[in-house]
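One structure below.
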Amino acid sequence: MAAPGEPCTGLRAWNQTEQEPVAHRLLSLCFLRAAGSWAPPMYLCILGPIYLFYIHRHGRCYLRMSLLFKVKMVLGFALILLYTFNVAVPLWRIHQGMPQAPELLIHPTVWLTTMSFATILIHMERKKGVRTSGVLFGYWLLCCLLPAMDVAQQASAGSFHHDPLHHLATDLCLFLVVAEFMLSCLVDRPPFFSEDSQPVNPCPETEASFPSKTMFWWASGLLWSGYRKLLGPKDLWSLGRENSSEALVSQLEREWRRKCSVRLGHSKVFKSKRSGVGAPETEPFLQPERSQRGPLLRAIWRVFRSTFLLGTLSLVISDAFRFSVPKLFSLFLEFMGDQDAPAWTGWLLAVLMFLSACLQTLFEQQHMYRVKVLQMRLRTAIIGLVYRKVLVLSSGSRKSSAAADVMNLVSVDVQRLTESILYLNALWLPFIWIIICFVYLWQLLGPSAFTAIAVFLSLLPLNFFITKRRSYHQKEQMRQKDSRARLTSSVLRTVRTIKSHGWEQAFLERLLHIRGLELGALKTSTLLFSVSLVSFQVSTFLARVSFDRLATFLCLEEVDPNGMDLSPSRCSSKDRISVHNGTFAWSQESPPCLHGINLAVPQGCLLAVVGPVGAGKSSLLSALLGELLKVEGSVSVEGSVAYVPQEAWVQNTSLVENVCFRQDLDLPWLQKVLEACALESDVASFPAGVHTPIGEQGMNLSGGQKQQLSLARAVYRKAAVYLLDDPLAALDAHVSQHVFKQVIGPSGLLQGTTRILVTHTLHILPQADRILVLDNGTIAEMGSYQDLLHRNGALVGLLDGARQPAGGGEGGAHSEATSDDRGGFPGSGRPKHRPERPRPIESAPVKDSTASEAQAQPSLDDPKGTGLTAGEDSVQYGRVKATTYLSYLQAVGRPLCAYTLVLFLCQQAASFCQGYWLSLWADDPVVDGRQMHTALRGWVFGLLGCLQAIGLFASMAAVFLGGAQASGLLFQNLLWDIARSPIGFFERTPVGRLLNRFSKEMDTVDVDIPDKLRSLLIYAFGLLEVGLAVSMATPLAIVAIFPLTLLYAGFQSLYVATSCQLRRLESASYSSVCSHMTESFQGSLMVRAFRVQGPFTAQHHALMDENQRVSFPRLVADRWLAANLELLGNGLVFVATMCAVLSKAHLSAGLVGFSVSAALQVTQTLQWVVRSWTDLENSMVAVERAQDYAHIPKEAPWRLPTCAARPLWPSGGQIEFRDFGLRHRPELPLAVQGVSLKIHAGEKVGIVGRTGAGKSSLAWGLLRLQEAAEGGVWIDGVPITHVGLHTLRSRITIIPQDPVLFPGSLRMNLDLLQEHTDEGIWAALETVQLKAFVASLPGQLQYECPGQEDDLSVGQKQLLCLARALLRKTQILILDEATASVDPGTEMQMQAALEHWFSRCTVLLIAHRLPSVMDCARVLVMDEGQVTESGSPAQLLAQKGLFYRLAQESGLA
């Protein structure tokens, strides 16, 4: 270097005529000094204005003038003064006539300018609220380089006496810039006035300095806490506004709508905004007119582009440093080959390689951090859009998308779409990498480099073909996954019906068959992946499959917001409801279901709607709600609307929140409503009163109680219009009369409101103001009761068909979830020791003024706030146990595990030999410009490469095939564990939680675990190769490998302890999201009818935010581990290069190249060994959760090897109860007790009683859905406990009140076990009067039933269930109010048909309606779980006991 104060002389680095090593030309001290002089000013001149503009646009509140700021400013002014002095000195010397080099004036002038600019930036940062600056951190770091070189030069030259002033100025400059650099590592105080309120546990990132943010050290506190103790909700950071679900979903939705409006012009949705004054909830969230893939993609780009582009910039900079490492390495090899090169060149190159590797690590981790945050935000936004779409799906769309399909979308497709973000840059960056690599190859090999390009281009068609085939199999896998999820959801929701018929095995076989097809597609896809050579970008192409599925769902048909004109209440209006020439259909493809409807309902009118099954009664209410597609005509409804569906929908929350339904809590009004709906006495018996959790689908309530609660929800609404779809059908006679009188009737709570009541209860028709008779989708007649009687028209025909002028109140016990029959709460229904006065509602604590606040703001601190009141999701603690790994490996199989390890060992040995052979080739002497044995070296090298490729393919294929095998077995075990669980398990466990196990957790087992295991094995064996190579070349490096390995193990232990806990918490919180999603899907009609989309959406946002509170620390912990591990690996590279410099005299360049290149791989290899292991452990949590249900109690065996029943058992059908009693849970009292009676073969016995008497519990005990707590049951002299469950249940037929259809063909629904011919099925359909209807369906018996979401009415479904029962032909038949959903005329015909088909069978008829049991040979009257009366109907009437009182309430006595 030139002396101080003198220009650089002898710049041989710029002399192109002399042949010198590149290291000498590029590492000249003068060149380095020039770079150190100009790098800081250029850096600040480029980034400074951009940074100033950014903080001007995004500034916050100003900071107080802290001591840190004052010191920074003092140092800044000191530097300005110093460089002013450095400028003045040369000027003074020039003025004195002493010549000065230009650089002595230019350099301090430029630095003076940039120092002034830096000081201005410090001041502006305070004004804009910037507490730590990355730009100035980098600037002060660069500024340290030149003064450090100058000080080192001065110290080595010893020239202080020649120019002491300059030496002092240089030393002072170094001191000041180092001080500024150290201060830039600190963080300033928070703003004086904060715009945002401080959260309870703020994220420490806001308080972190720039180095801490770069290295993610700010997350160390959480990791250390997770290592020392179990993490709880209070340990998690509060979620920032930028990551909240509401903000993200709103941004994406707003951009999507804007893009759609640009593309489609004035769409009908935006017209609906300008037309009418309807509530904003009636507007659809998404537009279904055309494919929205393009607008959705552009909207996503518009919202998240800044984060993505910033991450891409970090990646590009990281790649620049990544490519600088091999260039520096080539210079290092030149140094090793040049024996005359000075030693400081080797030290400098080692330091530069270390710094480049560290900078590459830091920028790459910043890229990963921003992409992971982007993935988290995109996932939240897309799931939010899916949820909003769920709330507006039309009935036709719900047929094509079941709740399980939605679960697959949010659990699998959204996950795959977000994961593809990481690989988006792989679509263009590899081409730049290829060009750079080609340039390097051209420098090394010359024209031979074209060979590599030719090989690459020749392989592209193969990889594109593989990608296309993988895409096809991916679609097939997702299609089968949807089918499996849909069937799984149906099975879980109808498990009581399936178990009562003994159909578990049949459905398990169907599910496993679909699962086999799914795994077959997965195996083919993964084998293609093993062949692929550009797998890094395949994921991006495959993500299109998931994106297309999401776009297809988001573009499904929605409820037409213009289907109903919802006008505000106007007292002067005459008609509340008006329909003019209305024609309606369920979807655009289906034919109209209502024709020419003209209807006007005035204020305060009670309109009763009657008609036969399938006449369109429920469709009329749907049309008034705007749920049907309006083909023509107009519909107008004035005022607010409340709706009571025929099948009650109940939320998984407390009773008071179900009744209030997101409205303010009014205790006096709530008490009045519960009393009118006959719920007051039931609430008094509940453990927590109105705050008692009632479970998913109302599992703790009887069918009647659920319908009463549904009615109470509507009454509490205080609406202007009430649409009531046969709410009396599930109630017994007494409750039915009470509800009609106190609520619906002329003197009830709803008097003065407009009421439309769909009913089959004909005796209440005289009390209706008007009666509308529907027949085949048209209005047959309409008028008052007396007018219609005088006309002698359709109404008279219905009354004649009923064969009686008036029937009892309709009712029946609910089959799928009956608490009267299960005793969900101690003493629920009619307890023995009931308090004399019902407990007032005020006695139960009320936490909030509104019943909706608890749901709108759930918290991990109170899991009940999430709605999971029926048993919380299990969360284990600590690291994943070794038994979990062993169970997975056992599922893979020992032979395949051993085979995989051998394959990996062989391919890694081939890789090591190939690298070592290449190093020997490089050291071959050159004779006459050529190396000896070139052909041999080349052939052996190529052979080793082929062996490695074959071994790698075989080993990867073995891992993927083993993973598929393990996944299939784990799924089968999970399915078996759940199917063998007793019915009480399903009553306590939300379906959404189980679906999450079958969707998200199993997808992790299918895809993530094999991929993580493959990575672990590749990097673990690679680490062995690297360690062997380094130890052979430079044995001194072994000293550094062992400490680094210990450090890696320490980091891994610290990370895994926290990461596994976060993974479990994330899965548990996501189960809440899934449960709420499925619950909202099922109740979307109620949500729209009550106009509560806003509160439900707010609850979804709150649940997602709780999930995000776990997801964000987890991704930060991942970056913390990756950044620190890579830096440790970089340390090994540095040690290896230093050892090579020390051993330069004893090492060849080829061996050093092999050693250091292997050490360079340690940076990635060691990191990925640990990260793959930790990722694998995190993914193994899914196996752990899939095995959660392996140890729960199971029901009795399905079949016994030594069954006491004969093949034709039961031949007679005699049933004997001997002191029988049962309880539904061990902690509950007996629901049935002391029942001793004998039912003779072929006898028809009716079972009656009030709600909660234990009627259905007796039937469930007969089917062993609930095991006897005392006594027993004998059938034809055989104890039922000596018979397998399937044997028992297959010999008994039960027709429940709730009709159940499964996804599949109509024939499959009627004949699940394929035991009957088509002729027999048609005969059964003819008996139930559905032959003509089925013949009109497309495909007839092969008509595909989507399940519960179809166009069939409840009555038609019930008739299909009757036909299914007729085909079973068992000796014992249980009717659980099976005809409650059909009109009276059809009911009488069905009773006659049942008499004919089951004339010789033993029939147990459970009924609320006494007319149904009047023809029974014997009637059992139950009360409080006991049989209080028994005898013929005539005998019981004569006794004037409980049966007589029930008959009086029904109008029969």
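Keep in mind that the numbers below use all heavy atoms, side chains included, and drop hydrogens, waters and symmetry copies.
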Over all heavy atoms of both residues, which pair between P1210 and R1291 is shortest? Give the atoms and the distance, please. CD-CB, 3.6 Å

Donor-acceptor side-chain pairing of S1236 and R1218 below 3.5 angstrom: no

Considering all heavy atoms of both residues, which atom of I1374 and which atom of I1406 are nearest to each other, and what is their separation? CG2-CD1, 4.2 Å

Is a donor from one side chain sitting under 3.5 angstrom from an acceptor on the other, for S489 and R493? yes

Please walk me through it: do W1209 and V1283 pass side chain to side chain contact (heavy atoms under 4.5 Å, CB included)? CA-CA 10 Å; W1209 175 88; V1283 181; 4.1 Å; yes

Is a side-chain N or O of E1270 found less than 3.5 angstrom from the main chain of Q1233, in a donor-acceptor match? no

If you define the side chain from C-beta out and look only at heavy atoms, does anything of I1295 sit under 4.5 Å from L1373? yes

Centroid separation W503 to W1198 less than 6.0 Å: no

Nearest heavy-atom pair of T1402 and G1242: which atoms, and what distance? OG1-N, 3.0 Å

Rounded to the nearest 0.5 Å, how far apart are CD of E1429 and CD of Q1435? 11.5 Å

Looking at D1423, is its backbone amide N or carbonyl O close enough to the side chain of Q1426 to form a donor-acceptor pair, meaning the two atoms are under 3.5 Å apart? no

Got a second to check how far L1301's CG is from K1357's NZ, nearest 0.5 Å? 6.0 Å

Starting from the C-alpha separation in whole Å, work towards a yes-or-no answer on side chain to side chain contact (heavy atoms under 4.5 Å, CB included) for L655 and L674. CA-CA 11 Å; L655 185 141; L674 294 178; 4.3 Å; yes

What is the distance from atom CG of L711 to atom NZ of K706, rounded to the nearest 0.5 Å? 15.5 Å

Heavy-atom closest pair (S710 atom, P645 atom, distance to 0.1 Å) is OG-CD, 3.6 Å

E1315 atom CD, over 12 foreign heavy atoms within 6.0 Å: yes

Is it the case that the side chains of S500 and R1289 hold a donor-acceptor pair, with the cut-off being a distance below 3.5 Å and no angle test? no

With side chains defined as the heavy atoms from C-beta onward, is the minimum distance between L492 and I978 less than 4.5 Å? yes

Euclidean distance, L1262 CG relative to L1288 CG, rounded to 0.5 Å: 6.5 Å

Given side chains that start at C-beta, do those of V1413 and V1248 come closer than 4.5 Å, heavy atoms only? yes

Heavy-atom donor-acceptor pair, S1290 side chain to G502 backbone, under 3.5 Å: no

Could you give me the CA-CA distance, side-chain angles and deciding distance for H760 and D726, then say whether side chain to side chain contact (heavy atoms under 4.5 Å, CB included) is met? CA-CA 7 Å; H760 289 144; D726 206 5; 3.7 Å; yes

Quick one: do D1311 and R1364 make a salt bridge, cutoff under 4.0 Å? no

Using a 4.5 Å cut-off on heavy atoms from C-beta on, say whether the side chain of C1416 contacts that of L1405. yes

Using modelled atom types only, decide if a donor and an acceptor are shared between the side chain of R1264 and the backbone of I1280 within a distance under 3.5 Å. yes

For a quick test of reading the model, state the closest non-hydrogen atom pair linking V1419 to F1443 and the distance between them. CG1-CE1, 3.8 Å

Heavy-atom closest contact (R1199 atom, T1287 atom, distance): NH1-OG1, 3.3 Å

If we ignore hydrogens and angles and just use 3.5 Å, is the side chain of T494 paired with the main-chain N or O of T497 as donor and acceptor? no

Hey, is the main chain of C677 close enough, under 3.5 Å, to the side chain of Q708 for a donor-acceptor pair? yes

Counting distance only, does the side-chain N/O of D1276 pair as donor-acceptor with the main-chain N or O of Q1214 below 3.5 Å? yes

Is any side-chain heavy atom of R1368 closer than 4.5 Å to one of L1313? no

pair I1192-D977: side-chain heavy atoms closer than 4.5 Å: no

Would you check if the side chain of E1243 reaches a backbone N or O of H1240 as a donor-acceptor pair within less than 3.5 Å? yes

Taking atom CD1 of I1215 and atom CD1 of I1292, what is their separation to the nearest 0.5 Å? 6.5 Å

We want to know whether H1286 and E504 form a side-chain donor-acceptor pair, criterion being a heavy-atom distance below 3.5 angstrom. yes

Exam field: side chain R980 to backbone E1195, donor-acceptor pair closer than 3.5 Å: yes

Kindly indicate whether the side chain of N658, heavy atoms from C-beta on, has any atom under 4.5 Å from the side chain of V650. yes

Gap between atom OG1 of T1370 and atom NE2 of H501 - 0.5 Å precision: 9.0 Å

Applying the side-chain contact (heavy atoms from CB on, under 4.5 Å) criterion to L1222, which one of L1230, L1258, V1235, V1232 satisfies it? V1232

For I983, does its backbone N or O pair with a side-chain atom of K499 as donor and acceptor, under 3.5 Å? no

Can you find a heavy atom in the side chain of F985 that is under 4.5 Å from one in the side chain of L994? yes

